[in-house]
Amino acid sequence: MTGDQILGLVMLFGMITVIFVGFPISFTLLFLGLAFGCIGLGADLTFNLAYLQIWGTMKDEVFPAVPLFIFMGFMTEQAGLMERLFAALRNLLAPVRGSLYLAVILTATIFAMATGVVGAAVTVLGIMAAPMMIKAGYDARLSSGAIAAGGTLGILIPPSVMLVVMGPTMGVPVNLLYSAAFGPGFLLASMYIVYTLVRSFINPSLGPPVPKEDRITDPLVIIKEVIVGVLPLALLIGFTLGTILAGMATPTEAAACGASGATLLALCYGKLSFKVLRNAAVMTLMTAGVVILLAVASNVFGAVFTKLGTAQVITQALAAIPLPDIWKLVVIMIAIFLLGWPFEWPAIVLVFLPIVLPVVETLQLGMSKLDMLLWFGALTAVNLQTAFLSPPVAMSAYYLRNVVPQWSLGLIYRGMGDFMIIQVICLVLVVFFPDIVLWLPRSLK
């Protein structure tokens, strides 16, 4: 190994160490990239690289979809659409054991298709569902796990912001990557539902039906609530995602239409006001700023890391592992799973994926290069969803703890741990049954 390659390894391990200590990821990546770049490449080349990476990121035609999808999600949340959806499903399913688990996961799944933001979904679900679950005598561990895990579906099910960023990084169309994520996303949601319902039927005390005094018994009222709560949101989702999957609109164009549609729905429901619009805009600015700053910092770090030559060394080492190709893929998935514990998804997508992509492209697993990349992208998305449920980051736990102080952080962690096992099982299924991912992209080609 050359001196620059060794310097790159020091840079990589330094990043991992500093982030474990607790320093902000964006500033750590940017500082280390510039500092080690100046040492190994010289100041002029390093700042030229940084300038080109920042300018290239800002010119990317897909990135404007990020704040638009985030605004769409925050506007639907500010307009109370999630509350209406949850109330409709809760009243419809009230007589069923585990009905609140089912309502939470179905609400999270549907709402995930209207927003790629995890924090908003977990927070709103915690505010709405947790008091009802506590009052109905639901198991606190299972309840916290269902809310936290259900809320993280937004990172996997389109229009996931993570997939918007991942598409250009991997060099695949975002619409095909979206279609590849639907199968694993719905499979995972179904596994959550089956798990909670089976446990509720085996042990009714974990999830009893909603108390009769808290139910709406008039069928016409229930039907009206379902129509008002579900149909408008379903139309918004169908229009936004349908145009992307059909290739009729780019992700940015569809996101703009979705943001406008969410604002129009808020107006129709009588929820649109200057305060609501301002809140949605401010939260969009804060969230999108964090995502884009992470993207810029990761690109600068990745460019310096690659220029030092260390990325090529790691790629060659992975390719030389004496294992069948399918097990090389498993090794990569295990590495991404472990990286998801200390790192947020932008750092993994923008720094680590480019290192392993050349290895993935050489795997001989009986499919085309595009199918391989789509499959790998969906696998990575399922894998990175565990990052929201795994300590020490586990942002879902902190979102939930803030709005449900009755549940301790340890209890929430234990609840999320049960659902992490389900995620790992889903990941294994997707590894060994690629058609779960590829059936929809192949039908759209």
Side-chain angles (χ1 to χ4, degrees), residues 77 82-112 118-157 188-215 229 385-386 388-391 394-426:
E77 181 259 320
M82 196 173 186
E83 287 91 335
R84 286 179 178 269
L85 176 62
F86 177 74
L89 293 173
R90 180 200 65 200
N91 293 327
L92 181 66
L93 302 167
V96 180
R97 288 182 189 174
S99 56
L100 292 179
Y101 297 134
L102 185 55
V104 162
I105 296 169
L106 285 176
T107 299
T109 304
I110 296 171
F111 197 72
V118 170
V122 174
T123 301
V124 176
L125 282 171
I127 293 171
M128 292 187 308
M132 296 181 188
M133 289 172 151
I134 293 169
K135 181 180 178 181
Y138 274 54
D139 179 69
R141 175 173 170 174
L142 191 56
S143 298
S144 63
I147 293 172
T152 62
L153 289 169
I155 204 66
L156 173 60
I157 297 177
L188 192 56
S190 301
M191 293 173 72
Y192 290 164
I193 289 171
V194 170
Y195 172 70
T196 54
L197 290 185
V198 167
R199 289 202 61 186
S200 297
F201 274 84
I202 292 174
N203 185 357
S205 65
L206 295 178
V210 174
K212 291 184 179 180
E213 61 270 19
D214 294 334
R215 300 182 198 173
Q385 192 188 348
T386 62
F388 283 89
L389 302 182
S390 55
M395 292 307 299
S396 291
Y398 299 103
Y399 295 140
L400 188 55
R401 179 71 174 83
N402 284 337
V403 295
V404 193
Q406 300 96 312
W407 292 342
S408 68
L409 204 56
L411 174 83
I412 296 171
Y413 275 140
R414 291 194 296 274
M416 293 192 309
D418 298 337
F419 285 84
M420 273 192 68
I421 295 171
I422 297 174
Q423 287 181 328
V424 172
I425 294 171
C426 178

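The chain is numbered in sequence order, starting from 1.
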Measuring from atom [atom1] of [X] to atom [atom2] of [Y], what distance do you get when rounded to the nearest 0.5 angstrom?
| X | Y | atom1 | atom2 | answer |
| --- | --- | --- | --- | --- |
| Y138 | S99 | OH | OG | 3.5 Å |
| L100 | M133 | CG | CE | 5.5 Å |
| I110 | I105 | CD1 | CD1 | 12.0 Å |
| R414 | S408 | CZ | OG | 6.0 Å |
| I193 | L188 | CD1 | CG | 10.5 Å |
| L106 | Y192 | CG | OH | 13.5 Å |

Where do [X] and [Y] come nearest, in terms of heavy atoms and distance?
| X | Y | value |
| --- | --- | --- |
| A130 | W407 | CB-CH2, 3.8 Å |
| T109 | A189 | OG1-CB, 3.4 Å |
| S200 | R97 | O-CD, 3.9 Å |
| Y101 | G207 | CE1-CA, 3.9 Å |
| A108 | G151 | CB-N, 4.1 Å |
| Q385 | A149 | NE2-O, 3.9 Å |

- Task: Please list, chain by chain and in numerical order, all residues satisfying side chain to side chain donor-acceptor pair (under 3.5 Å) with R141, sequence neighbours excluded.
- Result: D418
Taking side-chain contact (heavy atoms from CB on, under 4.5 Å) as the definition, give me every residue that meets it alongside [X], ordered by chain and number, with sequence neighbours left out.
| X | value |
| --- | --- |
| V198 | V194, I202 |
| N203 | S205, L206 |
| R401 | P405, L409, I412 |
| I127 | T123, V403 |

Going by atom type alone, with no hydrogens or angles, which donor-acceptor pairs under 3.5 Å involve a side-chain atom of residues 84-94 and a protein atom two or more places apart or on another chain?
unit_1	atom_1	unit_2	atom_2	d
N91	ND2	A87	O	3.1
N91	ND2	E225	OE1	2.6

